[in-house]
There are 2 protein chains.
Amino acid sequence: MPVTMREVAQRAGVSVKTVSNVVNGYPYIREATRSRVIEAIDALGYQMNISARSLRASRTGIIALAVPELRMPYFAELSEAVIRIARENDLTVLIEQTGAERERELALLSSARGHLVDGVIFSPLALGADDADRLNVPFPMVLLGERIFRGPVDHVSIDNVAASREVVRHLISNGRRRIALIGMISHEGVGTAALRFQGYLEALAEAGLAPSPELVLPAGPWNRSAGAEATNRLLDSGVEFDAVFGLNDTLALGALRALLSRGIRVPNDVAVAGFDDIEETRFSTPTLTTVDPGRDQIARTAVELLVSRMKGQNDEVRPREIFADYALHPRQSTGEPLTG
Amino acid sequence: MPVTMREVAQRAGVSVKTVSNVVNGYPYIREATRSRVIEAIDALGYQMNISARSLRASRTGIIALAVPELRMPYFAELSEAVIRIARENDLTVLIEQTGAERERELALLSSARGHLVDGVIFSPLALGADDADRLNVPFPMVLLGERIFRGPVDHVSIDNVAASREVVRHLISNGRRRIALIGMISHEGVGTAALRFQGYLEALAEAGLAPSPELVLPAGPWNRSAGAEATNRLLDSGVEFDAVFGLNDTLALGALRALLSRGIRVPNDVAVAGFDDIEETRFSTPTLTTVDPGRDQIARTAVELLVSRMKGQNDEVRPREIFADYALHPRQSTGEPLTG
DNA sequence: TTGTACGCGTTATCAA
DNA sequence: TTGATAACGCGTACAA
């Protein structure tokens with residue numbers, strides 16, 4: 001038996017409308033009235049009924065965050081940031097896990113949870129540029145990641161080519177010449193892998209190094225075990241290399257693990273670098289060189305873009321493409337001394 | 001302009017109530033009627049308005065999961081499981097991060113998001129046994145963890161004393177005698193730390209080993225950096241030890257990192273064990289011995305208990321205390337050969 | 001500055 | 001087996 005506004009109004013000796021005004025911070029209320037209402041609210045333990053409000057206002061105060069897998073550290077950390085920043089904007093976050101499955105990513109777009117959410121922040125991993133049209137959804141949406149550029153909705157990402165180039169430059173400036181790349185996904189022309197691969201090629205080219213196909217290793221899901229497997233394949237192949245660039249941190253950590261367990265010294269024999277700057281990279285042995293893709297900035301920008309769309313003031317503004325800042329963090333795995 | 005039931009009804013030539021019946025799986029409907037309705041739903045792309053339903057039925061199909069921090073790997077993995085299993089039960093999960101702050105944990109209890117959620121799965125980290133009374137909330141709730149036993153609500157946890165004892169037994173059977181414990185939180189008589197500490201003491205006692213206070217190290221938040229710091233304190237103190245038991249995996253991984261970076265060999269010089277079996281423990285170097293607290297089983301049990309309470313059939317059933325199964329996973333950090 | 005009346009989309013009641 | 005109608009609790013006109 002929840003307390004309603006009506007009951008609060010009765011106890012305070014005012015009308016429901018006045019209670020509503022107080023609750024919603026309407027300014028023109030006599031101080032005496034306001035305090036009587038607040039007193040009644042406290043006394044009765046009144047809680048606004050969100051369902052009623054959202055039915056009336058067709059607005060729930062909930063946004064959805066759709067990510068592939070919460071277990072992937074990058075997405076766990078991203079989600080944390082989105083939840084925290086959404087909170088600052090009085091929004092609650094509902095997390096959808098798509099499992100990186102195309103079906104479920106599409107389902108997300110067509111359902112949007114039945115008016116339950118006011119907007120969606122969507123980080124696709126299966127949909128690609130060909131699906132851009134399907135992003136024309138009837139609710140505010142912000143896209144994250146590198147799968148779809150120039151789609152019909154606001155988009156936040158980083159300059160993956162440049163960031164990746166920076167990592168490889170760093171390896172080269174470290175004296176590395178045979179740099180293996182782990183995590184290639186060759187069957188897709190676009191996406192994170194392709195962009196980071198391009199940065200890799202560009203950095204090699206700058207330094208006058210020829211890319212070797214045998215140094216480019218595919219790796220299935222971007223997790224530790226795929227990284228370790230690919231590294232073992234590389235080692236077994238007998239191909240020489242003096243550095244490994246994992247296209248994300250978990251791949252690189254898996255590589256690190258494989259190298260060390262085969263008695264290869266890092267960074268002395270082989271340098272290792274990753275991508276994402278997940279917390280763990282600061283606590284591996286050795287600590288892992290990586291790029292921070294500005295998770296917090298991405299989260300903040302995404303929430304802000306979404307909020308501005310939800311307010312509906314920007315209906316005519318064309319889709320915005322925003323690039324967050326990235327930053328290279330050289331650490332022990334490429335020869336930096338330990339700091340901190 | 002969302003499609004309403006009324007419009008579906010018009011198109012199908014039936015009343016709204018009939019549409020409602022179809023949508024909700026009411027059995028007594030002529031097949032012909034049902035298919036007409038379904039056809040209309042598909043044609044119009046009708047989506048039920050959840051706000052309206054919950055206003056009327058006081059039921060949203062949403063449950064809240066309140067965890068301290070999504071960035072903590074244990075909670076990321078737990079959340080993944082809860083979301084997945086809730087989905088199987090047609091429930092959507094809304095995640096609250098309490099930041100392990102007492103204020104926010106209390107706020108959660110008193111608000112429960114204003115009737116927005118049908119139930120709450122709550123993993124407190126700041127509230128303790130003294131707060132048990134406050135768990136008498138007017139909505140279904142399931143408690144996780146080791147902070148509050150015998151509270152007024154259903155509770156899922158594991159036998160931390162036994163699990164911890166098992167870890168320490170394993171270390172002892174490994175020939176270790178001076179086993180440091182990292183992550184002690186002495187100012188609380190109850191909670192995870194206290195229980196795991198008790199298991200530690202029991203295992204030592206079984207083996208006839210005397211506990212040494214200087215081997216028991218406090219560590220603030222249970223993360224890698226606190227684990228590394230505590231280990232460095234221990235090393236600097238000059239106290240001898242041949243094993244480290246981190247009260248959770250991130251503490252243990254931090255310890256591992258500190259040991260290795262000071263040139264101490266693991267497991268040769270010092271063995272290391274943790275608690276939680278987060279994914280990373282299988283990919284550190286060396287891999288980390290730990291205890292799997294049965295995350296999936298915890299998640300499943302929690303959701304099922306909550307669902308049964310939400311159905312309201314168990315109103316008179318007294319609070320249930322359920323213990324999930326745990327399992328020790330010996331790995332390289334305590335001398336096991338690498339497998340897998 | 002405050003109050004009244006109405007409707008948001010759904011489900012429950014009861015009658016047909 | 002189906003339909004008409006009245007709530008559910010709140011916000012918005014509009015009036016006072």
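Every chain is numbered from 1 and lettered A, B, ... according to where its sequence line falls, protein lines coming before strand lines.
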Undergrad: Return the value, rounded to whole Å, for the distance between atom CG of B/Asn21 and atom C1' of C/dC14.
TA: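 Distance check: B/Asn21 CG to C/dC14 C1' gives 14 Å.
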Undergrad: Return the value, rounded to whole Å, for the distance between atom OH of A/Tyr28 and atom C1' of C/dT1.
TA: 11 Å
Undergrad: Quickly work out the B/Tyr26 OH to C/dA12 P distance and round it to whole Å.
TA: 11 Å
Undergrad: Mind calculating the distance between CG (A/Asn49) and P (D/dC8) to the nearest angstrom?
TA: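 So the two atoms are 12 Å apart, to the nearest Å.
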Undergrad: Is the shortest side-chain N/O distance from B/Thr4 to OP1 or OP2 of C/dC8 below 4.0 Å?
TA: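 Indeed not, no polar side-chain atom of B/Thr4 lies that close.
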Undergrad: Between CG of A/Asp118 and CE of A/Met310, what distance do you get to the nearest 0.5 Å?
TA: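 Here the rounded value is 5.5 Å.
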Undergrad: Does the side chain of A/Arg320 come under 3.5 Å of the side chain of A/Ser308 through a donor N or O and an acceptor N or O?
TA: yes
Undergrad: To the nearest Å, give me how far apart CZ (B/Arg59) and P (C/dT11) are.
TA: 8 Å
Undergrad: Which is more 5' along DNA chain D, the nucleotide nearest B/Ala52 or the one nearest B/Gly13? Just name the residue.
TA: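 Looking at DNA chain D, the more 5' nearest nucleotide goes with B/Gly13.
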Undergrad: Under 4.0 Å, heavy atoms only, any strand: does A/Ser54 hit a base, just the sugar-phosphate, or nothing?
TA: nothing
Undergrad: Between P on C/dT10 and CG on A/Leu55, what's the gap in Å once rounded to a whole number?
TA: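 The answer, rounded to whole Å, is 9 Å.
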Undergrad: Indicate, with a heavy-atom threshold strictly under 4.0 Å, whether A/Ser58 touches base, sugar-phosphate, or nothing.
TA: nothing
Undergrad: Tell me whether the count of non-hydrogen atoms from other residues, nucleotides or ligands lying under 6.0 Å of CD in A/Glu103 goes above 12.
TA: no
Undergrad: Taking for each residue the nucleotide of DNA chain D bearing the nearest heavy atom, is the 5' side occupied by B/Ile29 or by A/Val23?
TA: B/Ile29
Undergrad: For D/dT1, take OP1 and OP2 only and decide whether either is under 4.0 Å from a side-chain N or O of B/Thr18.
TA: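 No, no such contact exists.
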Undergrad: Strictly below 4.0 Å: does B/Ser20 bring a side-chain N or O up to OP1 or OP2 of C/dT11?
TA: yes
Undergrad: Is a donor-acceptor pair below 3.5 Å formed from side chain B/Arg56 to base C/dA12, judging by atom type as modelled?
TA: no
Undergrad: If we count only N and O atoms by modelled type, under 3.5 Å, do the side chains of B/Arg36 and B/Thr18 hold a donor and an acceptor together?
TA: no
Undergrad: How many Å lie between CZ on B/Arg6 and C1' on C/dG9, as a whole number?
TA: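 Atom CZ in B/Arg6 sits about 9 Å away from atom C1' in C/dG9.
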Undergrad: Expressed as a whole number of angstroms, how long is the span from B/Lys17:NZ to D/dT1:C1'?
TA: 12 Å
Undergrad: Mind checking whether B/Phe149 and B/His155 have parallel, tilted or perpendicular rings, split at 30° and 60°?
TA: perpendicular
Undergrad: Between B/Arg30 and D/dT1, is there a side-chain N or O to OP1/OP2 distance below 4.0 Å?
TA: no
